[in-house]
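Before any comments, here is the structure.
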Amino acid sequence: MAGKRVVVTRPRGQAEALGRALTEHGAEPIFFPTIHIAPIEENPPLDDAISGLSRFDWIVFTSVNGVTVFFARLKRRGRAAEDLRGLQVAAIGPATANELRRNGVEPTLVPDEYVAESVVAGLGDVKGSRFLLPRAAKAREVLVTELRNRGAQVEEIPVYETEAAPVDQKALAEIRDGVDAVTFTSSSTVEHFVSQLSDEARRILENTLVACIGPITARTARELGLRVDLVAEEYTADGLARVLAGHFATASPR
């Protein structure tokens, strides 16, 4: 990927891992965050859940953001990772699992495929089990629905919101000069890229490689009328960088 210009649409605080992975493959990352993460500050349901952690059997984290916000709130409430002892903890993927470890918790379950459906499959028999799901304000309902269908009790608590980031005009000028690929790492990054740039987004992507971190993100892109060229087999920053590197290594020169 030497010299390839690749757009990273992740929030600024999370773009470093993908940027580093791209750089290791020789690419030039262009950071153009389309979203930022806003913790829900007034959150009595979360405070109540933290005060009564012993009533849960499982806590399921479906993003790094959910872990970060939850543990920040835990500390503000005078609690610590030790208070999760006795609970089982699931992480949707390796990045979320690593964030748990950074906060002193070893996850019980990390599914082989990093989507909600695989979390449910990995949990096995959940009838009568009590689940806490601290997650985004607008999240896929499949996890909650499937757990309840299997007889679990689910307390779903929004802990952060995904909002549009201000358009970085300097980065946009670089994109207008021409890029080789645009990466999307969540449905929100796609949605806000399109909403922020409107018709220009489609013009930019018309002749630019579009790479998505996984099938859910790819589905959102297609629903918005975008062409998806690549989907990472491993739904991580490294996996996304690898699929791009593999493509450019075998692609014919333009």
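Numbering starts at 1 and runs along the sequence shown.
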Same hydrophobic cluster for Val67 and Ile50, using side-chain heavy-atom links shorter than 4.5 Å among ILVMFWY?
-> yes

Where do Arg77 and Asp48 land on the salt bridge (Lys or Arg N to Asp or Glu O under 4.0 Å) test, with the steps shown first?
-> CA-CA 10 Å; Arg77 300 291 296 176; Asp48 178 66; over 6 Å; no

Given side chain to side chain contact (heavy atoms under 4.5 Å, CB included), test Leu230 with Val210 step by step and report yes or no.
-> CA-CA 6 Å; Leu230 298 173; Val210 175; over 6 Å; no

So does Glu106 pair up with Arg101, basic N to acidic O under 4.0 Å?
-> yes

Distance from Arg5 atom CZ to Asp180 atom CG, nearest 0.5 Å?
-> 8.0 Å

Centroid-centroid under 6.0 Å between Phe61 and Phe70 rings = yes

Verify the distance criterion only: is there a donor paired with an acceptor across the side chains of Tyr160 and Thr68 at less than 3.5 Å?
-> no

Cluster link Leu205 to Ile35, ILVMFWY, side chain under 4.5 Å | no

Salt bridge (Lys or Arg N to Asp or Glu O under 4.0 Å) pairs touching residues 181-208, sequence neighbours excluded, are Arg176-Glu200

Salt bridge check: are Arg76 and Glu41 linked by an N-O gap of less than 4.0 Å?
-> yes

Measure the spacing between CG of Leu87 and CZ of Arg55 and express it to the nearest 0.5 Å.
-> 11.0 Å

Can you tell me how far OG of Ser63 sits from CD of Gln14, rounded to the nearest 0.5 angstrom?
-> 8.0 Å

What's the verdict on salt bridge (Lys or Arg N to Asp or Glu O under 4.0 Å) for Arg130 and Glu155, showing C-alpha distance, side-chain angles and the deciding distance?
-> CA-CA 8 Å; Arg130 298 160 297 177; Glu155 195 164 329; over 6 Å; no

Roughly how far apart are Leu53 CG and Leu132 CG, rounded to 0.5 Å?
-> 7.0 Å

Calculate, to the nearest 0.5 Å, the distance between atoms CD and CG belonging to Gln88 and Leu109 respectively.
-> 9.0 Å

Mind checking the CZ-CZ spacing from Arg222 to Arg227? Nearest 0.5 Å is all I need.
-> 11.0 Å

